[in-house]
Participant: 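The structure that follows is given in the form of structure tokens.
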Amino acid sequence: MSSITAVTLIPKPLLLLPAYASLADPAAELRAHCHAALAQVAGAGPEQVTVIAEQASPGFRVAAAVLADSALADLPVRELPVTEQTIDAVVAEVTAAAAGTALLVTGDGSARRDPKAPGHFDPRAAAFDAEVCRALAAPDPAALAALDAGTARELLAAGWLGWQVLARVLPDTRTAYWWADDPFGVQYAVATWLPHPTPKP
Amino acid sequence: MRPDTQPPFLELRGRGFAPTDRLVMAIINRTPDSFYDQGRTWAEDVAFQRVAEVVEQGADLIDIGGIKAAPGEEIDVAEECRRVVPFVARVRQAYPDLIISVDTWRHEVGRAVCDAGADLLNDAWGGADPQLVEVAAEFGAAVVCTHTGGVTPRTRPHRVEFDDVVAAALDSLQAQAARAEAAGVPARRVIIDPAHDFGKNSFHSLELTRRLDELAALGRPLLVSLSNKDFVGEALDRPVKQRVVGTLATTAISAWQGAQIYRVHEVAETRQVLDMVSVIRGERLPARAVRGLA
């Protein structure tokens, strides 16, 4: 992982943005998990945060909103947009950067998980999301790399690019924080991965 | 019509209406599963009785719909026609002067209901079927243009954003209205509707309500469909069956800002709200004023 001291995944619902605030925060639990995952990152002492999100998605704005109230609020933030064509280049740029980078990736599973979900119901969603969550939680980078972009698109899952980035940066890490749920019919996952401790002699 | 007479601002079934007229459009669902009435008028006789009720309560027109707006079981053209066409014919027969609107986006259904006596095609899905306006022109029917941001019919909004939802609605509605006129529907039969909650979250619907005067300023007949919608429920944290008061507040504000047609479940209450706003605005005389004047 070279200069990356921690990797975090958060979902990117518009609910997390101040522009869409309500009297009662529907995303209170999600927000708390995002902050808890980032508190784990703070413990690793990063000097900067790099956010990787899909070009023209809400990812950067959501990441900024979550970071602003987190244990990493005082760190400088760098935003790296990623496309299907630039995944390897973006990962190379992050791993070659100055030491002490906390990497923050945004993405979600399917929005078609039940009849009331934003994308209504697709019977494939549950199994697809189960495999995504298994691969993230392990972590299983090879399984993440194998996830199909077309299926993700059909299932209204906004995480494929993020999972491809994770597939490349998660080897030799362990899961230090994990939460997954679908309170609104969209699969959310919040996780922090840290490098394995120095191997025993 | 005499050549020197101005055409009316709005014309439905040959009747003219002014910008200060406020019409109640009563929803008559021919569905088993619409969000509010949940099959109440699914049986045809019950639906027919409901028409009598709403006419008595002061509805100026009825809006007959065969497919619920939310996602669900696919209802094809044949099934949609089965649900609405005979009913339109039955209502037309019993009420020769009643303005009948049909809530459909499909031109085939539009043709069949116009044939059966419908006067207005209420397309809730923003011109998803480009041939619908041609059918309206062919039959001399009116048409509603709605702003949906181009979403597929019967889908829910998912992370939709606008730089300016009102600007987007204005652009879309002006373009759709121009298209309807180019197809042969005269301006007095082209109605615009910002389509609260369609392809929009509650913030968008609230902003459209707050700035409805900008839509009214287009100078076209303006319809709003607010009744018991989620933006009302999310504003007040109230479930579907407890949104009437919030809906009526929104109705009053929309009326103040110049909407003409109000598509509703609660006809009698809406009629009172609209008449009150008209009286406040000085566009209608009080019903009977004596106090302090005797």
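Each chain gets a letter, A, B and so on, in the order the sequences are listed, and its residues count up from 1.
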Participant: What closest approach, in Å, do B:H158 and A:A111 show between heavy atoms, and which atom pair accounts for it?
Facilitator: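 Smallest heavy-atom distance, with atoms named: NE2-CB, 3.7 Å.
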Participant: Heavy-atom pairs under 4.5 Å with chain B: which of A:P115, A:S22, A:G119 has the most?
Facilitator: A:P115
Participant: Is B:D237 in contact with chain A via its backbone, its side chain, both, or neither, using a 4.5 Å heavy-atom distance?
Facilitator: neither
Participant: Could you please state which residues from residues 136-164 of chain A sit under 4.5 angstrom from chain B, measuring non-hydrogen atom to non-hydrogen atom, sorted by number, or 'none'?
Facilitator: A:L156, A:A158
Participant: In terms of heavy-atom proximity below 4.5 Å to chain B, should A:P13 be classed as side chain, backbone, both, or neither?
Facilitator: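 Both parts, backbone and side chain.
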Participant: Please give me the minimum heavy-atom distance between A:L14 and B:V160, naming the atom from each residue.
Facilitator: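 Taking A:L14 first and B:V160 second, the nearest heavy atoms are CD1-O, 4.0 Å.
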Participant: Give the minimum heavy-atom separation between A:P118 and B:P157, together with the two atoms involved.
Facilitator: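 Scanning both residues, the minimum pair turns out to be CB-O, 4.3 Å.
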Participant: Count the heavy atoms of every other residue, nucleotide or ligand shown that sit under 6.0 Å from CD of B:E79, and state whether that count exceeds 12.
Facilitator: yes
Participant: Verify side-chain contact (heavy atoms from CB on, under 4.5 Å) between A:H120 and B:T155, making sure each step is shown before the conclusion.
Facilitator: CA-CA 8 Å; A:H120 195 48; B:T155 57; over 6 Å; no
Participant: Any chance you could measure B:H204, atom NE2, to A:Y20, atom OH, to the nearest 0.5 Å?
Facilitator: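 Rounded to the nearest 0.5 Å, the NE2-OH separation comes out at 4.5 Å.
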